[in-house]
Amino acid sequence: MFALVDCNNFYASCERVFRPDLIRKPVVVLSNNDGCVIARSNEAKAIGIPMGAPAFEYEMLLKKYNVHVFSANFALYGDMSQRVMSILSEYAPDMEIYSIDEAFLKLDNFEKFDLQSYGQEIQRRVVKWTGIPVSVGIAPTKALAKAANRIAKKFPEKTESVYLINSDDKRIKALKWLKIEDVWGIGRQHGKRLIAKSVNTAYDFTQLDDAWVKKNMSIMGLRLKHDLQGVPVLDLEVPQPKKNIATTRSFEKNYTEFEQIKERVTTFAVSCAEKLRHQHSCCNTMMVFIHTNGHRKDLTQYSRNIVVKLPFPTNSSIELAKFATQALEKIFRNGYCYKKAGVIVMDFTPEDQKQIAIFENSNPKHIPLMQAVDRINDSFGQQKIKLASQDLHKVWKMKQEKLSQRYTTDINEIISIHV
DNA sequence: TCTGGGGTCCTAGGACCC
DNA sequence: TCTGGGGTCCTAGGACCC
């Protein structure tokens, strides 16, 4: 059996832990630059604020219903996530952290356990120890655990936030209830195609012909079908080193000058280099892109990317920043209002298995230098040491007007209680 | 004026090899 | 008139997840 434990409205719930006055009130969390709604409390959902809603378009509605708005505080969410995961890890020998707010537990050899009450114990402990409400779905396969979780979330009173699928009757009942477009692995495109074919529920999907599913939805669709039929084909996944690493950002305002974008792209390359060193990889290829604001139909649009094969594998901030700047020079054009840029590194080799090139190689002096930089930035805070080509004055270049404190990760921002 | 960021996997088709 | 068979590698595009 698998359990899927999923935090309810995670980012909004994190904010509420430190603002208990907001419990049962509408809360939303915005994306970087305070752009879109990326998390909503149930109350905010009820008002009719959709996922991804541009904040400026919903300003009236947010005001009218007195919705509490927060800028994204990823330092807080990341730390709260670790706390939740460390509690969950106590409940099963094997666990897969599936995303920042959900984890699969593998409940093998739990035959003697009453899984319903086991789920409830997990649910109660997480909320008691962290303040984060969770829902638990338990079923014989991962896809069914996802479905069970949806039921637990949809009917919190009736299920006490835990739903167990442990018979074929319950499996079929759940699948007949679950709309096809809400099935894990069925996105917008497949959802549309299936509805056109009169496949309206997860159950209908399990009745389809294997060959049709494989042909139209690839092997992934077929695996999903079997998993929903109760034949486990999806197992826990072990964390793998990343195959691509990206740092991309929208700008707070439009940039028109090369120097402004160069500073951003340098910073993104340095960030990619840090992430590469963190997983002990070097990259052989880099992509740099820039583009104007696609939503602004009144401005001339420009969008380009360039893929650069590096002369040698590296994870040095200095070298990657240099390559990124050279790439940017090739694609930058004057006369446009740029809104977004990014650096993506790919094609990795392990740090300790670098192929030596004939003519040019990564500067070996950078290895101890980067180690020193990482150590200093780890202990004294991010970006204490930067390249001169980065902005040396500003650390944060985003609009974040409603940022809450980093209650759990910065001693200066710890919660204070007034008596 | 204002519209996020970061990932994964699969498949078909083209280019190439012998 | 008639033009083989069996591979690999790479890339772009499409789909999905949170």
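Letters go in sequence order (proteins before strands), and every chain restarts at 1.
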Look at all strands and tell whether A/Lys399 reaches a base, only sugar-phosphate, or nothing, counting heavy atoms closer than 4.0 Å. nothing
Contact class for A/Lys339 vs. all strands (heavy atom < 4.0 Å): base, sugar-phosphate, or nothing?
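The residue A/Lys339 makes sugar-phosphate contact but no base contact.
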Could you give the [atom1]-to-[atom2] distance, from [X] to [N], as a whole number of Å?
| X | N | atom1 | atom2 | value |
| --- | --- | --- | --- | --- |
| A/Phe74 | B/dG5 | CZ | P | 9 Å |
| A/Leu224 | B/dC10 | CG | C1' | 15 Å |
| A/Leu222 | B/dC10 | CG | C1' | 13 Å |
| A/Phe289 | B/dG6 | CZ | C1' | 11 Å |
| A/Lys243 | B/dG7 | NZ | P | 13 Å |
| A/Asn244 | B/dG5 | CG | C1' | 14 Å |
| A/Ile245 | B/dG5 | CD1 | P | 18 Å |
| A/Leu234 | B/dT8 | CG | P | 18 Å |

In terms of ring plane angle, is the pair A/Tyr118 and A/Tyr91 parallel, tilted or perpendicular, where the classes change at 30° and 60°?
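Perpendicular.
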With under 30° as parallel and over 60° as perpendicular, where do the rings of A/Tyr77 and A/Tyr11 fit, or are they tilted in between? parallel
Of the listed nucleotides [options], the one nearest the side chain of [X]:
| X | options | answer |
| --- | --- | --- |
| A/Met220 | B/dC9, B/dG6, B/dC2 | B/dC9 |
| A/Ser31 | B/dT8, B/dG5, B/dG4 | B/dG4 |
| A/Lys275 | B/dG5, B/dT3, B/dG6 | B/dG6 |
| A/Cys36 | B/dG6, B/dT8, B/dG4 | B/dG4 |
| A/Asn254 | B/dC2, B/dG4, B/dG6 | B/dC2 |

Checklist line | Close approaches to DNA chain C from residues 290-311 of chain A, in residue order (heavy atom, under 4.0 Å) | finding: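 Those residues whose heavy atoms fall under 4.0 Å from DNA chain C, taken from residues 290-311 of chain A, amount to none.
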Looking at [Y] and [X], is there a salt bridge between them, counting it only when a charged N and a carboxylate O are closer than 4.0 Å?
| X | Y | value |
| --- | --- | --- |
| A/Asp235 | A/Lys106 | yes |
| A/Arg16 | A/Glu43 | yes |
| A/Asp347 | A/Lys309 | yes |

Q) Which one of A/Lys142, A/Lys146, A/Glu237 satisfies the side-chain contact (heavy atoms from CB on, under 4.5 Å) criterion with A/Tyr98? A)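 Only one option passes, and that is A/Lys146.
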### Message
Taking the cut-offs as 6.0 angstrom to the six-membered ring centre and 45 degrees off its axis, would you call A/Lys154 and A/Tyr163 a cation-pi pair?
### Response
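Pair A/Lys154/A/Tyr163 does not count as cation-pi.
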Exercise. Strictly by modelled atom types, are A/Ser71 and A/Asp34 linked by a side-chain donor-acceptor pair under 3.5 Å?
Worked result: yes
* Asked: With a 3.5 Å cut-off and no angle check, do the side chains of A/Thr408 and A/Asp79 form a donor-acceptor pair?
  -> yes
Assign each of A/Arg223 and A/Phe251 the nucleotide of DNA chain B bearing its closest heavy atom; nearer the 5' end lies the nucleotide of A/Phe251
By nearest-nucleotide position on DNA chain B, the 5'-leaning member of A/Lys215 and A/Asp34 is A/Asp34
Salt bridge (charged side-chain N to carboxylate O under 4.0 Å, His left out) assessment of A/Glu263 paired with A/Lys394: CA-CA 11 Å; A/Glu263 186 281 325; A/Lys394 265 175 101 172; over 6 Å; no
Salt bridge (charged side-chain N to carboxylate O under 4.0 Å, His left out) evaluation trace for A/Arg171 with A/Asp168
CA-CA 5 Å; A/Arg171 179 182 71 84; A/Asp168 219 42; 2.8 Å; yes
Q. What is the minimum heavy-atom distance between A/Ala139 and A/Ala145, and which atoms define it?
A.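 Residues A/Ala139 and A/Ala145, closest heavy atoms: CB-N, 3.5 Å.
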**Asked** Can you check whether A/Ser250 has a side-chain N or O nearer than 4.0 Å to OP1 or OP2 of B/dT3?
**Response**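 So the side-chain polar atoms of A/Ser250 never come under 4.0 Å of the phosphate oxygens OP1 or OP2 of B/dT3.
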Practice prompt. Indicate whether OP1 or OP2 belonging to B/dG5 is found under 4.0 Å from a side-chain N or O atom of A/Thr247.
Written response: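 For B/dG5, neither OP1 nor OP2 has a side-chain N or O of A/Thr247 closer than 4.0 Å.
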Stems for DNA chain B (at least 3 consecutive Watson-Crick or G-U pairs, under 3.5 Å) come to B:5-18 with C:5-18
Between A/Thr247 and the options A/Lys275, A/Glu274, A/Arg264, the side chain to side chain donor-acceptor pair (under 3.5 Å) test singles out A/Lys275
In B/S/- notation (B base, S sugar-phosphate only, - none; protein heavy atoms under 4.0 Å), nucleotides 11-18 of chain C written 5' to 3' is ----SSSS
